There are 2 protein chains.
Amino acid sequence: MRATYRALCEHGYAELTMRAIAEEYGKTAAAIHYHYETKDELLVAFLEYLLDQFAEDVREVGTDDPAERLGALLDRLLVERADDYDFMVALLEMRAQAPYEDAIRAQFVHNDEYVRSLVSETIADAMAQGVFADDLDPERATRALMTIVDGARTRFVVYGRQEAMFVAREMAAAYVSGVLEA
Amino acid sequence: MRATYRALCEHGYAELTMRAIAEEYGKTAAAIHYHYETKDELLVAFLEYLLDQFAEDVREVGTDDPAERLGALLDRLLVERADDYDFMVALLEMRAQAPYEDAIRAQFVHNDEYVRSLVSETIADAMAQGVFADDLDPERATRALMTIVDGARTRFVVYGRQEAMFVAREMAAAYVSGVLEA
DNA sequence: CCTACCGATCGGTAGG
DNA sequence: CCTACCGATCGGTAGG
């Protein structure tokens, strides 16, 4: 998985070969086929590995106070990823395969549902405590926030500007205080 | 260019071959090399063709009233693209190459600067008219709106859900009325 | 712009 | 998990 990650970062998905992965692995290409029957199977396993790191990252936010917790979640999703350009590149490379590989799209859908449930429940908690407006649709607000997150990641990778993540964090904060707390 | 577009939509960037493009073109692969020396050169020309369609789309927004014009721009960037899944897929496929091809990244940067200038000037006009708050940073507000736009496009393609575009349009509207007009 | 073809490289496998 | 190798396909070109 780590060898696949390094090979993907170096070559990009379009130029990713079993031989390049094997080189990072320090073994031959045949050795990889011993563990994974096909290239497709390897890449599906790799995406699971990649997305698990995302899920772990947001799952371990331990704050209880809902408003504070929402801020911590947004920090995890935006600020703490601003240092890892390679990771964001790897993510976009895999995302671009979703329209052509159902198994890959399904993994992204599943991961997105998980992250959204964490955010959505936090917003619902804040509403219950009266910190947020009482006429919100938590799922809709969550989708709005995830749109910011995915926009920042895309812009970070395409334009190579880390700043995109901080602009997004500010914007998310403005949305929370300007719309959710209204 | 049209043949390249069709071949890209059908196969994705990673599986895009000169032969597949030639088949859509209705000629042989050698015929393409008569017009473009290399595959890279063809794809750079193709991206210019693709991004020109975007630029044309937003350039022709003719409304004068700044607040109305900003709404029209956002409609062009979000709502009117909600019917063209293939176009958004083609865009993401090319975007994923930006980290590995400087020429491609440069084209995206240039296009983004152009679109942002249109939005930014409209926001500045609205401020001058007193419709928007007088302490805004138009460029910063524009980056925020573009983050929503790019997030929606990415989510539309990755999750295959057109709804992402409409959620983003609502969110952009909430940002305009909740932050810019505040 | 086609026919015919090139060397290089691809994903994958047999046999050990 | 390696050596050795397979058929298929890649981007690109010579000659017309």
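Numbered from 1 within each chain, the chains take letters A, B, ... in sequence-line order. Values in this document were obtained by computation on a predicted structure and should not be read as measured data. For the numbers below, each heavy atom of this structure counts, side chains included, while hydrogens, waters and symmetry mates do not.
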Grouping ILVMFWY residues whenever side-chain heavy atoms fall under 4.5 Å, the cluster of B:Phe166 otherwise contains B:Val79
A:Asp57 meets the salt bridge (charged side-chain N to carboxylate O under 4.0 Å, His left out) criterion, sequence neighbours left out, with A:Arg81
Would you check if the side chain of A:Gln97 reaches a backbone N or O of A:Glu93 as a donor-acceptor pair within less than 3.5 Å? yes
* Asked: Across the strands shown, which category fits A:Tyr25 at heavy-atom distances under 4.0 angstrom: base, sugar-phosphate, nothing?
  -> sugar-phosphate
N/O to N/O distances under 3.5 Å, protein versus nucleotides 14-16 of chain C:
none

### Message
I'd like to know whether the aromatic ring centres of B:Phe87 and B:Phe54 sit less than 6.0 Å apart in this structure.
### Response
yes
Every stem of 3 or more Watson-Crick or G-U pairs under 3.5 Å that DNA chain D joins, in order of first number, is C:1-16 with D:1-16
query: Do B:Tyr159 and A:Phe108 make the cut of ring centroids closer than 6.0 angstrom?
result: no
B:Leu118 and B:Arg69 have their tightest heavy-atom pair at CD2-NH2, 4.2 Å
Which of C:dC2, C:dC1, D:dC1 is nearest the side chain of B:His35? It is C:dC1
Which protein N or O atoms sit under 3.5 Å from an N or O of nucleotides 7-12 of chain C?
| residue | atom | partner | partner atom | Å |
| --- | --- | --- | --- | --- |
| C:dG11 | OP1 | A:Lys39 | NZ | 2.9 |
| C:dG11 | OP2 | A:Met18 | N | 3.0 |
| C:dG11 | N7 | A:Arg19 | NH1 | 2.8 |
| C:dG11 | O6 | A:Arg19 | NH2 | 3.1 |
| C:dG12 | OP2 | A:His33 | NE2 | 3.3 |
| C:dG12 | OP2 | A:Lys39 | N | 2.7 |

Note: with side-chain heavy atoms under 4.5 Å as the link, the other cluster members for B:Val44 come out as none
